[in-house]
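Working notes, structure below.
Scope of the values below: all heavy atoms of this structure, side chains included, with no hydrogens, waters or symmetry mates. Predicted, not measured: the structure shown is a model, and the values here were computed from it.
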Number of protein chains: 2
Amino acid sequence: MHSFTEENYLKTIYHLSQFTASPVQTNAIADGMKTRPASVTDMLKKLSDKQLIDYIKYQGVTLTEKGKTTAVGIVRKHRLWEVFLVEKLKFKWDEVHDIAEELEHINSALLVERLDEFLGFPKRDPHGDLIPDQNGFFEPVQNIHLHEMSCGNKGVIIGVSEYSSAFLKHLERLGLTIGIIIEIKEIADYDGSVELLVDGRKINVSREVTQHILINYK
Amino acid sequence: MHSFTEENYLKTIYHLSQFTASPVQTNAIADGMKTRPASVTDMLKKLSDKQLIDYIKYQGVTLTEKGKTTAVGIVRKHRLWEVFLVEKLKFKWDEVHDIAEELEHINSALLVERLDEFLGFPKRDPHGDLIPDQNGFFEPVQNIHLHEMSCGNKGVIIGVSEYSSAFLKHLERLGLTIGIIIEIKEIADYDGSVELLVDGRKINVSREVTQHILINYK
DNA sequence: AAAAAATTTTAGATTTGTCTAAACATACAA
DNA sequence: TTGTATGTTTAGACAAATCTAAAATTTTTT
């Protein structure tokens, strides 16, 4: 078995490699793990010894199959527990991330499958993220961030890419929750803030916010 | 916050002090924690520094109020999670102990209270152990072990004091589960094995088994 | 292509929890 | 009450995960 720390490194590397095809760099991992680059280097050696990552000095890392399987397993647990907390225990979507960070390390394959069944095999978690199935598969996503869209574009809010309570509460106050249909009315040259049409109302959101909203856009 | 290890020490000390009024000894803790006496001594110093135990060299330890509160909190979580696993996820009573050992360290007061509510404020866990309430209170138990009873005595199986899957499966095979009424027909001088009357049938159980069955006997 | 900047790694230290072996304290028995 | 057995603590080491400071490598700039 792997330590919590090892699991967290794998998860961080997994999430970082979602955004790029190239190897994940030490500094990026250090940021994600809120630790120092020197500590990351130490851990990369260990994960490499355990065949969980391919590591080339100074070049960065990629997950091996074994590493990816482990990482996806943790992501699956995290998202299932989030569904449990919201659906069964009446938590709000901004309250569950930190608790799920702990629960994701509970080690029992049977538990995960029973939980999945108990929850009715949910497809997405409360933040709109897809839940990998028992074999680690899930349809590749082709969402784009709101800030990548252009004037006149329409779409549906399908998820977020930031899970802090502060951010999620802010979205809720703005009425920008999952499933909401939005249309881009104007993008300010000055600060990148965006005017949205939501449910007939006009709403102004900062660039900061647009960078963390995922849109299902075709 | 306390580390998992610290929490496990506190829990072990708590359980050991259930059986005796006198201070808990280093070797007993080492047994319970499956570690060495020298390691226990190191940890006792740390717990003492944190005011979780009263520790006198060579004499043993007792929990402080703070230590007891912490320990009971962990026991509460353990037992609530066991109920969840059996009642909601359809685990068997012999499958839940190890998973609950992990879940008991999840850190969220709100989670515990929501879980309690979700489960309908259960009074006992699947092994018959009482679940402390939110304030750590629970009626003092006056169960006795089956091996402490005499010929002709009757009682109800109210719990167990051993949680291994092997033991619990054995009980189930014998039909000795919680709520079952038993009567002692005979106690063998030779090996301490006991003949029980259960539901009209006669059953013979080893002394080993009688030492881990708790009876509500008045 | 050399210099400067950014990134990454090494070296050496620290903390937590563990260990073995040896010393120390207490209990008990002759 | 002295000796032996049992139980406990100290001393010194080790592994995991982290850190700072310095050295090494790669990338970017001029």
Side-chain angles (χ1 to χ4, degrees), chain A residues 1-14 16-17 19-63 67 70-71 74 101-102 104-105 107, chain B residues 1-14 16-17 19-63 67 70-71 74 101-102 104-105 107:
Chain A
M1 262 322 92
H2 315 109
S3 71
F4 284 20
T5 309
E6 287 169 339
E7 292 194 349
N8 284 333
Y9 270 95
L10 291 175
K11 195 181 51 156
T12 298
I13 294 166
Y14 174 78
L16 290 170
S17 59
F19 302 117
T20 138
S22 50
V24 177
Q25 309 205 92
T26 302
N27 271 359
I29 300 169
D31 274 8
M33 289 293 298
K34 288 181 179 132
T35 186
R36 298 299 179 153
S39 311
V40 173
T41 301
D42 289 343
M43 181 56 83
L44 295 185
K45 283 180 196 153
K46 190 200 283 195
L47 294 175
S48 182
D49 288 347
K50 293 195 175 187
Q51 324 241 37
L52 293 161
I53 58 173
D54 291 316
Y55 170 46
I56 304 170
K57 258 197 196 184
Y58 292 103
Q59 303 303 299
V61 296
T62 53
L63 292 173
T70 307
I74 299 161
E101 292 277 296
E102 298 190 44
E104 72 190 5
H105 300 293
N107 210 322
Chain B
M1 262 322 91
H2 316 110
S3 71
F4 283 20
T5 309
E6 288 169 339
E7 292 194 349
N8 284 333
Y9 270 94
L10 291 175
K11 196 181 50 156
T12 298
I13 294 166
Y14 174 78
L16 290 170
S17 58
F19 302 117
T20 136
S22 50
V24 176
Q25 298 188 286
T26 302
N27 270 359
I29 299 169
D31 274 7
M33 288 293 298
K34 286 180 179 136
T35 185
R36 297 302 179 148
S39 311
V40 174
T41 301
D42 289 343
M43 181 56 83
L44 295 185
K45 283 179 197 155
K46 189 200 283 198
L47 295 175
S48 182
D49 288 348
K50 293 195 175 187
Q51 323 242 35
L52 292 161
I53 57 173
D54 291 317
Y55 170 45
I56 305 170
K57 259 197 194 184
Y58 292 104
Q59 302 303 300
V61 297
T62 52
L63 292 173
T70 308
I74 299 160
E101 291 277 296
E102 297 190 44
E104 73 190 5
H105 300 293
N107 209 321

Could you give the CG-to-P distance, from B:D49 to C:dT15, as a whole number of Å? 14 Å

Atom CD1 of A:I29 and atom C1' of C:dT9: how far apart are they, to the nearest Å? 14 Å

Classify the nucleic acid contact of [X] as base, sugar-phosphate or nothing, counting any heavy atom under 4.0 Å across all strands shown.
X: A:S39; result: base
X: B:T41; result: base
X: A:F4; result: nothing

Result block: side-chain N/O donor-acceptor pairs under 3.5 angstrom for residues 2-12 of chain B, not counting sequence neighbours:
from: B:S3; atom 1: OG; to: B:T5; atom 2: N; distance (Å): 3.4
from: B:S3; atom 1: OG; to: B:E6; atom 2: N; distance (Å): 3.1
from: B:E6; atom 1: OE1; to: B:S3; atom 2: N; distance (Å): 2.9
from: B:E6; atom 1: OE1; to: B:K50; atom 2: NZ; distance (Å): 3.2
from: B:E6; atom 1: OE2; to: B:K50; atom 2: NZ; distance (Å): 2.9
from: B:E7; atom 1: OE1; to: B:H105; atom 2: ND1; distance (Å): 2.6
from: B:N8; atom 1: OD1; to: B:H105; atom 2: NE2; distance (Å): 3.0
from: B:N8; atom 1: ND2; to: B:F4; atom 2: O; distance (Å): 3.4
from: B:K11; atom 1: NZ; to: B:E101; atom 2: OE1; distance (Å): 3.2
from: B:K11; atom 1: NZ; to: B:E101; atom 2: OE2; distance (Å): 2.9
from: B:K11; atom 1: NZ; to: B:E104; atom 2: OE1; distance (Å): 3.4
from: B:K11; atom 1: NZ; to: B:E104; atom 2: OE2; distance (Å): 2.7
from: B:T12; atom 1: OG1; to: B:N8; atom 2: O; distance (Å): 2.9

Mind listing the N/O atom pairs, protein and nucleotides 23-26 of chain D, below 3.5 Å?
from: D:dT25; atom 1: O4'; to: A:Y58; atom 2: OH; distance (Å): 3.4

So, do [X] and [Y] sit near enough that their side-chain heavy atoms are less than 4.5 Å apart?
X: A:Y55; Y: A:D49; value: no
X: B:I13; Y: B:L52; value: no
X: A:L47; Y: A:V61; value: no

For B:P37 and B:A30, the nearest pair of non-hydrogen atoms, with its separation, is N-CB, 3.8 Å

Looking only at side-chain atoms of A:Y9, point me to the closest of D:dT18, D:dT20, C:dC19.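 Among the listed nucleotides, the one closest to the side chain of A:Y9 is D:dT18.
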
Of the listed nucleotides D:dT8, C:dT8, C:dT20, the one nearest the side chain of A:T26: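 When the side chain of A:T26 is considered, C:dT8 is the closest of D:dT8, C:dT8, C:dT20.
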
Distance check, rounded to the nearest 0.5 Å: B:T20 atom OG1 versus B:Q25 atom CD? 8.5 Å

5' priority, DNA chain D, between B:V40 and A:M43 [closest heavy atom]: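 With A:M43 and B:V40 compared, the 5'-side residue is B:V40.
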
